[in-house]
Amino acid sequence: MTAIQKYNERTSKLKSDACPECGSKYITAPDKEKVCGSCGYVPDERSMSQEPEWRAFDDEQRTRRIRVGPSSTLTIHDKGLSTIIGSDSVRNSKYDPDRRLKVYKLRKWQTRIRVADAYERNLAIGLDGVKNIFSHFNQLQNNKAALEQTSANYRKVASNGMIRGRSLITTAYACIYLTARQTGTALTLDDLATDAEKNGVSRKDIARNYRFIVREFDLKIPVPVNKMYSSKIGNKIQGSPQTEILATRILDVAKGMKLTGGRSPTGIAAAAYYMASVLRNDHRTQKEIAEVANVTEVTIRNRYKELMEKLFIGVPV
DNA sequence: CGGAGTAAAAGGCACTT
DNA sequence: AAGTGACTTTTACTCCG
């Protein structure tokens, strides 16, 4: 069967008005999908073709037109663009020894060139570090966009020679924290620090590095959105969604009244959540909330008191 | 026990030396 | 990099219902 015949056979099935499954007619309502009246078959006429949109009539055209490979990414030091010379032709004895030796040498040189440069090598280590740290946090684990952004941040820091005198891993942590702050992800410095301590990186160093980057690039970092923290509390404590919603409302108002500046975002979020739980008779103890929010009960009390005073002025409760 | 409150110690931040 | 000062949070504790 020629290609033309195959093509005709395939398309005629779709174009004909008979169901290819049972042969009966389609029902076609206006603006609706075609559905077979008797067996329910839906022809996937508009499904996406996995095939290339071009055609090649000889080998030369094929090699010229083909464009494949993984998409470009910032998370690999050479952006994932380099072709890796495979090891197949080295190991496989069906190839002649000359060829195998040649490929072996090519591979060796490729490895050298790829990461031989100190800058490139460090970039590779740093970006790997970022990826590694990402895998420790479930907020980040499957967040490709955050990984790309962190990698972009890291590259920017590296290319400006700002890692000199600082450790790669500390910079990696700082870049992750930066991304979290930029994207409003509820990942606190403490969260990162707990993980970093295991690698011998102190919280202080991450914070200093982070501030250094922010200052150097003159970045405008939004004030943390407290809602993120309150929903984090809600998740950990398994509270009702309504309590969480009320907590975020309280935080909105508190923010509007400038009650959030200078205070720890987690403390205020915890207090708002406590307040919401009291108001909604979904009562949680201060201790319970303090534990998941990583603040003390005293802080919750203080912030709670302040919220109650400022938010309910003149309002009979 | 849950919560209110307090004094003193500790910690973080912006800024200076 | 260490010191300073204004400020917040933590520690540790008391008291109340």
Side-chain angles (χ1 to χ4, degrees), chain A residues 161-167 169-171 173-178 180-182 184-197 200-230 232-234 236-240 243 246-247 250-251 253-313 315 317:
Chain A
M162 284 160 58
I163 303 184
R164 180 151 300 179
R166 276 162 264 266
S167 87
I169 198 73
T170 311
T171 308
Y173 276 109
C175 288
I176 292 173
Y177 184 55
L178 175 63
R181 294 291 300 273
Q182 284 172 331
T185 307
L187 183 72
T188 61
L189 189 52
D190 279 325
D191 292 339
L192 279 170
T194 321
D195 184 71
E197 304 284 308
V201 177
S202 74
R203 181 203 150 99
K204 227 169 143 181
D205 285 333
I206 302 173
R208 189 189 313 164
N209 227 319
Y210 164 75
R211 278 201 305 274
F212 173 66
I213 296 168
V214 171
R215 182 157 22 91
E216 234 17 60
F217 290 139
D218 201 17
L219 298 174
K220 193 86 190 79
I221 304 295
V223 182
V225 184
N226 301 293
K227 297 173 193 180
M228 299 291 182
Y229 298 116
S230 67
K232 199 176 172 184
I233 294 167
K236 281 194 183 172
I237 218 164
Q238 298 280 310
S240 79
T243 306
L246 182 57
I250 293 169
L251 287 170
V253 178
K255 197 160 190 176
M257 292 176 74
K258 308 265 185 247
L259 258 43
T260 54
R263 275 69 186 272
S264 89
T266 45
I268 296 173
Y273 196 92
Y274 175 69
M275 186 171 162
S277 82
V278 172
L279 291 172
R280 281 197 35 83
N281 291 325
D282 176 27
H283 199 278
R284 303 303 173 123
T285 65
Q286 295 175 357
K287 190 179 173 185
E288 206 178 344
I289 296 172
E291 216 159 273
V292 296
N294 278 317
V295 293
T296 58
E297 296 157 66
V298 180
T299 303
I300 294 185
R301 282 202 281 276
N302 288 335
R303 297 282 77 80
Y304 172 63
K305 195 179 153 195
E306 192 181 47
L307 286 175
M308 291 300 267
E309 278 167 6
K310 301 267 167 76
L311 261 46
F312 287 126
I313 284 180
V315 180
V317 181

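Because the structure is predicted, anything quoted here is derived from the model rather than measured. What you see below is based on every heavy atom in this structure, not just the backbone, and it leaves out hydrogens, waters and symmetry mates. Labels below follow one simple rule: chain letters A, B, ... track the order of the sequence lines, proteins then strands, and each chain is numbered from 1.
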Asker: Any donor-acceptor pair under 3.5 Å linking the side-chain atoms of Thr170(A) with those of Asp205(A)?
Answerer: no

Asker: dG12(B), OP1 or OP2 - any side-chain N/O from Arg203(A) closer than 4.0 Å?
Answerer: yes

Asker: Closer than 3.5 angstrom, by distance alone: can the side chain of Asp191(A) be matched with the main-chain N or O of Thr188(A) as a donor-acceptor pair?
Answerer: yes

Asker: To the nearest Å, give me how far apart CD (Glu291(A)) and C1' (dG2(B)) are.
Answerer: 14 Å

Asker: Would you kindly give the CD-to-C1' distance between Glu306(A) and dA4(B), to the nearest whole Å?
Answerer: 16 Å

Asker: Report the nucleotide, chosen from dG3(B), dA1(C), dT9(C), that has the shortest atom-to-atom distance to any side-chain atom of Arg208(A).
Answerer: dA1(C)

Asker: Consider only side-chain N and O atoms of Asn302(A) and Thr299(A), and report whether a donor and an acceptor are under 3.5 Å apart.
Answerer: no

Asker: Report the distance from atom CD1 of Ile300(A) to atom C1' of dT9(C), rounded to the nearest whole Å.
Answerer: 12 Å

Asker: Is there a side-chain polar atom (N or O) of Thr299(A) under 4.0 Å from OP1 or OP2 of dT9(C)?
Answerer: no

Asker: Closest heavy-atom contact between Tyr274(A) and Arg284(A)?
Answerer: CE1-O, 3.3 Å

Asker: Identify whether any heavy atom of Thr285(A) sits under 4.0 Å from a base atom; if not, whether one sits that close to sugar-phosphate; answer base, sugar-phosphate or nothing.
Answerer: sugar-phosphate

Asker: Does Arg301(A) have a side-chain nitrogen or oxygen under 4.0 Å from the phosphate oxygens OP1 or OP2 of dT9(C)?
Answerer: no

Asker: Can you tell me the distance, in whole Å, between the CD1 atom of Ile268(A) and the C1' atom of dT9(C)?
Answerer: 12 Å

Asker: Mind calculating the distance between OH (Tyr304(A)) and C1' (dG2(B)) to the nearest angstrom?
Answerer: 12 Å

Asker: OP1, OP2 of dT8(C) versus side-chain N and O of Arg263(A): anything below 4.0 Å?
Answerer: yes

Asker: For Arg211(A) and dG12(B), what is the distance between atoms CZ and P respectively, to the nearest whole Å?
Answerer: 10 Å

Asker: How close or far is atom C1' of dG3(B) from atom CZ of Arg284(A), stated in whole angstroms?
Answerer: 17 Å

Asker: Tell me what Arg303(A) touches on the nucleic acid: a base, only sugar-phosphate, or nothing, going by heavy atoms under 4.0 Å.
Answerer: sugar-phosphate

Asker: Using only heavy-atom distances, determine whether the side chains of Asp195(A) and Tyr173(A) contain a donor-acceptor pair under 3.5 Å.
Answerer: yes

Asker: If only side-chain N and O atoms of Tyr274(A) are considered, is one of them under 4.0 Å from the OP1 or OP2 phosphate oxygen of dG3(B)?
Answerer: yes

Asker: Which residue lies toward the 5' end of DNA chain B, Glu297(A) or Asn302(A), if each is placed at its nearest nucleotide?
Answerer: Glu297(A)

Asker: OP1 or OP2 of dC1(B) versus the side-chain N and O atoms of His283(A): is any pair under 4.0 Å?
Answerer: no

Asker: Can you measure Phe212(A) atom CZ to dA1(C) atom P for me and round it to whole angstrom units?
Answerer: 12 Å

Asker: Between Lys287(A) and Val298(A), name the one whose nearest nucleotide on DNA chain B is closer to the 5' end.
Answerer: Lys287(A)

